[in-house]
Amino acid sequence: MTFVAPEIDYAGLSPVIALAVSVCVVLLSGVFRPTERWAPGLTLTALATTAGLLVWRWGDSADLVTGALRLDELAISISLVVLLMAAACVLLSLREPAAAQVGSGEYHALLLGSVLGMVLLAQAQNLVSFFVGLETLSIPLYILCAANLRRERSLESGLKYLIVGSLGSATLLYGMAFLYGGSGSTGFAGIAQGIGTESLLGDPLVLIGIALVAVGLAFKTSIAPFHQWTPDVYEGAPTPITAFMAVATKAAAFAVFVRFFDVALAPQADDWQPALAVLAAATIAIGNVGALGQRSLKRLLGYSGVAQAGYILGGLVVVSEAGVSALVFYLVGYAFMNLAAFAVVVARERETAWSDDIEAVRGLGRDRPLLAWPLTISMLGLAGLPATVGFIGKLYLIEVLVEGDYTWLAVFIVIGSMISLAYYLKVIAAIWMTPSQDEAGDAVVTVPLTGGDQPVLAGGSDEATGLRAQGEVVAVAVVFGALTLILGIVPSPLFDAVRDVGAAVGLG
Amino acid sequence: MSIEWYVVLSALLFATGAMGILIRRSPVVILLCLELMLNAGNLALIAFSRMVGNQEGQVFALVVMVIAACEVVVGLGLIVAIFRRRLPLDVDELRELRG
Amino acid sequence: MSATTWAWLVLLFPLLGSIVTAVGYRALPARAAGAIGTAAIALSFACGIGALLSLLGDEPEARHHASALWTYASVGGLRVDLADGLHVDLGILVDPLSVFMVLVVTGVSTLIHLYSFGYMRSDAGYHRFFSYLNFFVFSMLLLVLAGNFVLLIVGWAFVGFASYALISFWYRRETATGAGMKAFVINVVGDVGLVLAAFLIFRELGSFDFEQVFHAAPEHFTTNGWTVTAICLLLLVGAFAKSAQIPFHTWLADAMEGPTPVSALIHAATMVTAGVYLIARTHALFVLSPTAADIAAFTGLATLLVAGTIALVVTDLKRAIAYSTMSQIGYMVVGVSIGAYSAGLFHFMTHSFFKALLFMAAGSIIAAMANDQNIDRMSGFGKAMRFTSAMLLVGGLALAAFPGTSGFFSKDEILAFAEARGGMYTIFVVLGYAGALLTAVYTFRLVFRILPGTPCREAQELIDTGHVAHGEPVNPVTGEREDTDVGFPGPEHHIAEHSWPMKVAMGVLGVLALVGGLVQVPGVDHAIASFLDPVFHDSPLAEIHPTATSEWIGLGIGGAISILGIALAYFFYVAQPATPAILIQRLRPLHTLLVNKWYFDELIDVLVVRPALAVGRFADRTFERLVVDGLVSGTAETVRGAGGIVRVVQSGFVRSYALLLIAGFAGLALYFLVVSS
Amino acid sequence: MSNSLLWTPLAFGIVGLFLPRRAAGWWATAGAAVTLGIAIALLADFDSAAGLQHTVDVEWIPGLGVDYSLGVDGLNVFLLLLTALLWLGGTAFAAFREQERPGLFFGMMLLAETATLGAFLAQDLLLFVLFFDLMLVPFYFLFGAWGTDRPDGVTASAATLKMIVYTLVGSLLMLVGAIATGIVAADGGNITFSIGELAREPLGEGSQRWIFWFFAAAFLVKMPAFLLHGWMPDAYRAAPLPVLAVFSGVLAKVGAYGFLRVVLPLFPDATVEFQEVVLVIALASILYGSVMAFTQTNVRLVAGYSSVAQLGFITAGIFALRPDGADGAVLQMVNHGLVVAPLFIIVALLAERSGSEDLREMGGMALRAPVLAALFLIVTLATLAMPGSANFVGEFFILNGVFQAKIAYAFVASIGVALAAFYALRLYQRTMHNRVPEGLVSREIGWRDAVVLVPLVACIVGLAFYPQLILERTDRAVSEAVAAVGGGSAEPPKAHLRGGDAAALACARPAPCGVPWEAPSNPLQREAVARQ
Amino acid sequence: MEEVLFFAGALGALGGAVGVIAMRNPLYSVLALIVHLFSLAVLFLLLSAAFLAAAQVVVYAGAVMVLYVFVVAYVGGDQESAWEPIPGQRLLAPLLGIALFVELAIAVLGSSLLALGTEGPEVRPGFGDPAAIGTLLLEKFLIAFEASSILLLLAAVGAVVLAGRRRAGDAPAEHSAPEARSEDPPPAPTPGAPA
């Protein structure tokens with residue numbers, strides 16, 4: 001039998017290739033030059049290059065490698081978000097003890113690997129690349145979550161993530177098997193027309209397959225009741241990693257979620273729409289309610305992430321171009337808001353002895369306005385108050401929901417954001433409306449970090465290196481805070497972009 | 001033997017694996033149960049690929065084997081790491097994170 | 001100058017006076033303020049004369065002029081004709097009625113200002129006092145000159161406020177502020193009645209303007225129709241509240257907390273008679289609703305009897321006079337309600353003369369008593385203060401309608417008219433004379449208690465040293481000590497004998513009280529009636545004219561009754577001083593009833609005040625806590641509870657997470673299986 | 001011009017953030033002053049005959065059909081002026097006092113002004129909602145960070161949180177309502193949120209019914225109306241007084257304004273349908289507010305509950321659905337703002353003198369402070385709608401409107417008038433009159449405070465003489481707004497039937513309950529009409 | 001013949017699976033899994049997936065399981081106690097397992113997909129042999145192939161960093177360190193700091 005190599009559109013594939021190559025390069029740099037800190041620089045360059053290539057491809061969508069991948073605006077926009085998050089993560093990790101412990105090279109290689117997985121996932125157009133992408137995304141993250149080997153919590157989060165995550169992907173796989181069986185094809189298009197036949201509409205096999213896939217994806221996007229790993233992992237993982245995966249994972253997963261459900265499973269939409277709508281509502285409720293009593297900022301942001309996932313899912317439930325646009329728009333906004341918040345958390349973890357406890361930001365308004373403002377803005381944005389991208393995003397979502405006759409879900413979103421105010425504003429209150437705790441923080445921080453006992457009394461924050469000079473962290477916070485604000489006032493550019501995305505997905 | 005039999009069997013294996021995850025506390029065994037579930041998936045894939053008469057399912061199954069291997073490697077690595085930290089090898093003991 | 005221009009000037013001066021004295025409270029020396037205040041009113045009186053003359057200048061039926069400064073408020077298009085929208089001008093109406101009122105008000109006010117100029121001299125609130133007083137006169141004039149209901153209401157409320165401000169003039173006295181509050185709130189109730197009446201009129205006739213309303217009314221309303229009756233009754237609410245008629249009369253007695261000149265001006269001569277003016281002004285409506293008119297008349301009758309009886313037993317000098325005021329206003333209300341418009345207004349004029357005089361005299365005496373108002377402690381002032389006593393006597397005689405005095409003619413004219421209308425109105429005649437007897441008795445009770453007999457301590461001191469007695473500054477009602485650092489009431493007191501302004505003012509009024517009645521003597525002249533005729537000629541009741549003879553008979557009876565009453569008083573309080581005590585013993589329950597003023601205060605307290613406060617307490621303590629806060633905190637608690645549940649489920653056991661995941665899938669799958677089948 | 005009016009405060013505020021502590025207050029005051037200047041200029045060349053003017057209309061988010069469109073008409077011109085005026089007062093008053101973190105304080109103050117002006121100016125539904133929500137943000141900071149914690153443990157931030165969540169409950173639902181309006185109206189076509197456009201052809205009965213309540217909820221909470229005022233007591237006790245002055249003076253009006261600007265034109269059928277429901281709520285607010293006002297001993301709460309009652313009147317006036325009622329309501333919005341802001345400033349002064357905000361610990365201050373007493377007296381009389389004050393005219397028109405529309409409600413409402421007299425006077429007496437309690441040092445108002453207070457009181461007095469100033473400019477716009485629900489019209493047809501029976505008829509009919517507008521020149525003509 | 005093989009394989013797979021979750025000692029569980037894998041391989045053969053069957057035996061039962069055995073041996077296969085800390089888990093887990101199976105079975109049996117009832121179409125010889133799979137892998141699923149290779153690399157790296165490296169200050173993790181958590185905020189480092 002003869003082997004004909006598939007013709008490959010290298011231009012289209014270039015981003016993936018770039019990433020794959022850079023993984024190896026960074027890894028090698030770590031192996032052979034562990035002392036010199038090349039990895040971050042290399043990683044940033046790799047990310048920048050990939051981003052450049054992606055931007056270069058904007059506008060001409062193409063199926064790559066016999067339809068395994070599809071590089072279109074959806075894939076590109078999501079990939080760009082992912083790359084941005086990764087870059088921010090690199091900056092936040094510069095002084096990250098976790099990075100030091102697993103070795104800078106390996107750390108960044110794994111990060112890039114995960115990014116590669118996400119980029120693949122965003123482009124995936126058949127089940128195999130879908131599954132591979134998902135795993136390439138997850139497995140490095142399992143490791144990175146546990147990367148802070150000296151903290152039990154980090155290991156715990158890694159293990160939990162691994163177990164539940166694998167359970168999720170097993171479910172996903174099983175669902176894929178059913179869909180493959182039902183349609184006899186692994187390509188999304190094939191599936192679409194395979195299950196589109198009259199005989200298979202509402203066929204239990206297909207529907208169960210959909211259910212299984214839905215669960216798998218819902219898990220990755222932390223939709224309730226498959227969300228429970230989220231708060232724990234977010235809290236346990238090293239903060240930069242949390243920052244990265246909080247948004248990037250969601251983004252990539254939602255990309256394929258959209259592609260798979262709104263394209264491949266569109267024929268069965270009438271059956272799964274209501275189910276997902278209910279899940280979205282439940283997620284909004286649980287996420288917001290769960291965040292209420294939290295003291296740990298990371299945990300709080302974890303729950304809020306759950307709630308936000310619920311909002312975003314709304315954009316998917318209404319199978320429409322506008323829906324996709326709204327979804328991507330909100331994802332981008334969410335990325336900015338979240339990152340601003342996490343950057344501040346990172347900074348405070350290192351400055352005060354309070355780890356990520358809410359006490360860490362008490363009186364921030366007086367001591368560190370440059371940190372206080374971004375956090376404030378991001379909180380307001382996440383709560384969906386005007387003049388932030390969060391407000392516009394919610395506006396957009398609500399509009400598509402009402403248009404898609406899901407007004408009740410829109411009302412649910414609104415009620416959710418009312419509840420959410422209770423905890424977001426609690427943080428703001430801590431920043432501005434209470435006397436400073438800073439001297440407290442300093443008092444501990446000034447203690448030289450020797451011996452394992454100091455972190456114990458300091459709340460296990462061996463990150464509390466007391467560094468004031470964290471230019472890069474502050475920069476990240478300020479930049480993304482500013483973006484949150486600016487896009488809230490002049491959203492039109494982002495708008496036009498996401499409009500193309502919606503159109504690119506190609507559905508009614 | 002009709003394909004149904006294979007698929008139903010795989011369903012049975014899938015359920016068994018899931019149940020195992022729910023009742024076993026040793027992380028190693030939990031990893032084994034994950035293997036069970038993935039294999040159930042594989043069985044289904046192969047059965048279906050036989051049914052529809054194209055080999056994509058088989059290739060998929062092959063890829064899944066690879067990925068399963070990766071999960072195993074990482075999982076075991078994690079277990080070793082935990083063991084190194086003199087932490088109990090019992091998932092129920094690891095619940096610092098909650099609430 | 002046209003009558004309206006004069007009228008605007010009439011309004012202008014008091015306003016200016018008020019503002020100047022207020023603004024210059026630091027710059028102006030005390031006397032100057034007093035002078036300015038008095039002068040302002042005098043000028044306004046002069047302008048009133050001017051208005052009168054220019055009015056007399058033109059034909060009787062042409063004697064009404066409207067004038068507007070600017071559009072006060074208007075909606076629904078800015079066209080001025082009645083045809084659209086709600087339109088209110090800042091407009092006045094000058095006609096005989098208003099001019100008559102203006103003259104009486106400004107005239108009496110001038111004198112009372114003069115009196116206060118002396119009486120309040122040492123009071124630290126001198127500027128404030130004159131400012132208020134001027135403002136009051138302005139408001140009163142606004143009230144009587146108003147050309148539409150809105151402006152009328154404005155004046156109505158202004159006088160109410162002025163009265164409040166002056167009642168609680170000595171604002172460190174809790175009793176004074178309390179009385180002020182009482183007066184104000186009751187008056188606001190009256191205002192509301194008036195406002196609603198105005199709405200109803202607008203609803204019916206589409207205008208607030210007097211002339212348009214009164215012109216349109218006859219064709220629009222059917223006699224005794226519910227609407228017109230409702231309007232009249234609502235108007236009466238306003239009138240009674242202002243004129244202290246049952247059941248809104250309770251505030252007037254307390255109003256005596258104010259300085260005596262205030263009692264004289266506001267609570268005797270002018271403001272309290274606004275109700276009478278209102279009824280007279282809106283007679284066009286009342287003739288359309290005889291029912292309402294009769295209700296008014298009977299209320300007036302009841303008031304005059306009840307108040308008269310109370311006046312028999314009250315021991316506080318000023319309050320006694322206050323009750324007599326209510327009773328006299330009762331006469332006027334009866335008058336204007338049964339159609340004796342000119343008679344009623346005539347009585348209003350004379351009453352303002354002699355009642356003002358009485359208060360002035362009383363003020364002088366109280367000053368001599370070092371602010372003690374209890375008549376049981378007074379005696380022998382006949383020797384101590386000759387002038388004051390004389391004036392008191394004159395006022396008393398006029399009030400008791402002693403033949404020849406002003407009260408004699410005015411009161412009897414009302415009763416004569418009632419007699420002339422005949423039918424059920426004879427009741428008014430009979431009871432009216434009964435009231436006259438009461439009047440004579442209680443008036444001279446006061447006179448005989450105060451003037452004759454052995455001088456009391458203060459009187460004796462006055463006789464011996466010629467100086468006014470000085471006592472502890474105490475609240476005359478509660479007897480609690482006042483904080484003296486305030487400077488009001490003034491440290492020393494002023495009596496007519498020692499202060500020429502007071503003397504002049506009282507003198508003039510004394511003369512008027514004696515001869516004031518002669519402007520309208522049955523069969524001789526009808527100056528007032530004929531002057532007011534253009535206003536009232538359209539009323540069907542205007543035709544009724546008691547014959548001179550019947551009037552003279554009435555006068556005869558009236559004179560006899562008044563003499564009889566005086567004789568009775570003499571018998572009780574001079575000849576047989578023991579008898580009152582005995583009577584009290586005999587008629588204990590009656591006496592208690594009277595001493596407690598027929599328990600009206602208690603009644604209102606139970607019916608209105610307590611319920612209101614109870615509601616308030618319930619709203620504050622119970623409703624707000626349970627319902628309003630419950631609404632909020634309840635929801636919050638629920639949400640927080642849910643949060644608790646979520647966090648419990650988040651138990652940290654990875655296997656329970658897996659459990660939930662699979663359970664979730666099972667649920668989802670179940671749903672899908674259901675829809676698939 | 002609308003633009004400059006809108007953004008001037010914010011511009012000053014942002015610059016102010018970077019100024020030294022001492023300068024911040026004065027800079028902010030200057031900013032407020034400039035804004036006031038622009039507002040006055042706006043009024044100066046306001047043409048009461050023309051409709052919407054000084055309009056700005058540019059696409060903001062084409063994707064969502066949201067435009068950035070502003071405009072001035074009779075409905076908002078005086079509210080804009082009021083906002084500018086009160087903010088100047090509040091800012092100046094605050095500037096005279098020591099604030100911590102002044103830059104931020106005044107920045108927030110001015111941001112709040114911009115947001116409020118925006119809410120008044122917005123002619124696009126979503127823009128309105130946006131500003132409506134945005135208003136809360138700065139006030140959250142102002143109340144929370146500069147507020148006072150209560151001894152009984154309620155912290156300022158907690159009280160403020162309560163307020164924010166509570167008021168957002170309303171306004172976020174309104175967001176959904178607004179979007180729904182746009183989409184339902186567009187049904188498939190290209191979406192617009194321009195209020196003018198949407199008013200052209202209203203929605204169907206069904207959708208109106210629920211959207212109406214989404215909006216009504218927001219506005220009623222904002223006011224606050226009876227049963228929805230749960231946030232008010234805590235927030236008012238926490239707020240710093242200069243801020244509270246502008247808050248209570250202006251923000252409550254945004255709710256009432258919303259009814260006129262949005263609800264009446266966009267949901268006419270629902271408005272008519274629910275007229276009585278809203279009227280009942282309004283009456284409840286009047287009575288409840290008044291009753292609470294004379295039971296409270298905390299000065300702020302007396303003022304607070306009195307505002308509840310006043311807003312009740314305003315709502316009632318609007319929902320009389322007659323030009324006179326609505327005109328009165330607009331006038332009353334301005335009046336109430338002009339009254340309540342000085343009231344709170346005076347409360348601040350009283351508190352400074354007596355060291356407490358409890359009526360039981362005040363009294364007899366008039367003696368040493370006659371001027372303050374005089375100013376307070378004027379404000380008090382205006383508060384109780386003393387005839388002769390512009391407030392009276394407003395209340396008179398409102399009640400007249402209600403009376404002509406629904407006679408029974410007017411009688412109930414008039415009880416509120418009498419109660420107002422009681423609580424207002426009680427407030428004045430308990431503080432200024434009666435005996436002086438221990439430890440109270442009465443002193444005359446200082447020139448600084450006088451500079452703030454006297455002009456405001458002057459405005460009250462001025463309006464008392466010539467309320468027509470406002471009425472003649474608002475009349476047209478208001479009549480149009482009411483005409484939308486069939487309640488009379490700006491250009492009424494001649495010779496129109498009216499009169500008690502007619503009114504009764506009109507009210508018996510479910511639909512337009514604005515009693516047909518004008519009066520016949522005389523009853524004969526009316527009979528003639530009646531015969532036709 | 002085929003039936004026999006199927007049931008044999010099915011029983012083996014099932015038995016192995018049950019063994020995995022039933023065995024107390026992790027080591028036995030591993031062995032049970034090996035049984036399971038071998039039986040699966042048989043079934044794969046029946047489904048004419050020769051290459052996969054081979055891969056199953058070699059890669060899985062060979063390499064991976066050896067890894068398991070090593071690890072279990074390293075960490076010590078101690079018995080886990082019968083005590084169940086999570087209330088209800090013992091009850092719910094089996095129920096859910098059954099429910100899961102029932103639902104999946106219904107889906108399969110209730111499906112209107114006719115092919116399910118057949119043994120599948122006739123396939124040409126060489127179906128599923130290495131050549132075929134390889135071609136497909138290198139043409140259609142090239143990306144998956146490459147990606148999984150990178151994934152393998154990353155996994156290896158991960159395993160190394162997790163289990164292998166020994167860095168300075170590799171102290172035992174602070175087990176049960178008082179962490180800042182919603183229940184108990186950390187003790188304020190300096191007095192006067194409200195916790």
Side-chain angles (χ1 to χ4, degrees), chain A residues 156-157 159-164 166-168 171 174-175 201-212 214-216 218-219 223-232 268 270-272 274-276 278-279 282 285-294 299 302-303 306 415 418-419 422-423, chain C residues 73 75-77 612-677:
Chain A
E156 177 184 344
S157 70
L159 187 65
K160 276 182 173 171
Y161 196 16
L162 175 84
I163 292 173
V164 192
S166 312
L167 178 56
T171 326
Y174 206 69
L201 281 183
D203 182 84
L205 187 78
V206 175
L207 285 181
I208 289 293
I210 295 177
L212 287 157
V215 171
F219 168 86
I223 299 293
F226 317 104
H227 67 288
Q228 283 191 294
W229 60 277
T230 318
D232 291 7
Q268 308 271 11
D270 297 345
D271 290 330
W272 55 259
L276 287 190
V278 172
L279 284 187
I286 290 176
N288 284 317
V289 166
L292 277 179
Q294 303 297 347
R299 214 172 173 73
Y303 273 109
V306 173
I415 294 172
M418 286 168 203
I419 302 174
Y423 54 89
Chain C
V75 300
L613 292 179
V615 170
R617 233 174 286 110
F618 170 78
D620 186 25
R621 307 250 165 81
T622 316
F623 189 83
E624 188 82 357
R625 299 252 184 299
L626 294 186
V627 181
V628 178
D629 271 355
L631 217 63
V632 187
S633 47
T635 329
E637 280 317 309
T638 325
V639 174
R640 213 170 281 120
I645 294 170
V646 170
R647 294 173 55 197
V648 169
V649 173
Q650 191 77 19
S651 59
F653 289 110
V654 67
R655 294 189 299 135
S656 69
Y657 297 176
L659 184 83
L660 190 63
L661 194 152
I662 292 171
F665 163 72
L668 203 58
L670 195 61
Y671 161 79
F672 275 118
L673 287 180
V674 170
V675 292
S676 74
S677 55

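Residue numbers begin at 1 in each chain, while the letters A, B, ... track the order of the sequences. What you are looking at is a predicted structure, and each value in this text was computed from that prediction instead of being measured.
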Discussion item. Is C:Tyr671 close to chain A through its backbone or its side chain, or both, or neither, when contacts mean heavy atoms under 4.5 Å?
Written reply: side chain
Practice prompt. Sort C:Leu673 into side chain, backbone, both or neither according to what part of it lies under 4.5 angstrom from a heavy atom of chain A.
Written response: side chain
Worksheet entry | Donor-acceptor pair, side chain of A:Gln228 and main chain of C:Val649, under 3.5 angstrom | yes
Closest-packed option against chain C by number of heavy-atom pairs under 4.5 Å, given [options]:
{"options": "A:Leu212, A:Leu279, A:Ile419", "value": "A:Leu212"}
{"options": "A:Ala218, A:Pro274, A:Pro204, A:Ala224", "value": "A:Pro204"}
{"options": "A:Ile163, A:Val206, A:Ile208, A:Leu201", "value": "A:Ile208"}
{"options": "A:Asp232, A:Val164, A:Leu167", "value": "A:Asp232"}

Worksheet item: Using non-hydrogen atoms only, which part of A:Ala214 is less than 4.5 Å away from chain C: side chain, backbone, both, or neither?
Response: side chain
Just verifying a value: how many Å separate [X] [atom1] and [Y] [atom2], rounded to the nearest 0.5 Å?
{"X": "A:Tyr303", "Y": "A:His227", "atom1": "OH", "atom2": "NE2", "value": "5.5 Å"}
{"X": "A:Ile210", "Y": "C:Leu668", "atom1": "CD1", "atom2": "CG", "value": "10.0 Å"}
{"X": "C:Leu661", "Y": "C:Ser656", "atom1": "CG", "atom2": "OG", "value": "11.0 Å"}

Worksheet item: Is any side-chain heavy atom of A:Arg299 closer than 4.5 Å to a side-chain heavy atom of C:Gln650?
Response: yes
Discussion item. Any non-hydrogen side-chain atom of C:Tyr657 less than 4.5 Å from a side-chain atom of A:Phe226?
Written reply: no
Worksheet entry | Residues of residues 633-644 of chain C with any heavy atom under 4.5 Å of a heavy atom in chain A | C:Val639, C:Arg640, C:Ala642, C:Gly643
Discussion item. Just to verify, what does C:Ala666 make a side-chain contact (heavy atoms from CB on, under 4.5 Å) with, not counting sequence neighbours?
Written reply: E:Leu96, E:Glu103
Worksheet item: Do any pairs count as a side chain to side chain donor-acceptor pair (under 3.5 Å) and have a residue in residues 612-625 of chain C, sequence neighbours left out, and if so which ones?
Response: C:Asp620-D:Gln296, C:Glu624-D:His229, C:Glu624-D:Tyr288, C:Glu624-D:Tyr305
Worksheet item: Does any pair with a residue in residues 655-672 of chain C pass salt bridge (Lys or Arg N to Asp or Glu O under 4.0 Å), and if so which ones, sequence neighbours excluded?
Response: B:Asp92-C:Arg655, C:Arg655-E:Glu84
Worksheet entry | A:Gln268-A:Asp203 side chain donor-acceptor pair, cut-off 3.5 Å | no
Response to the item:
Checked C:Ile645, C:Val675, C:Leu660 vs chain A; the most non-hydrogen pairs under 4.5 Å come from C:Leu660
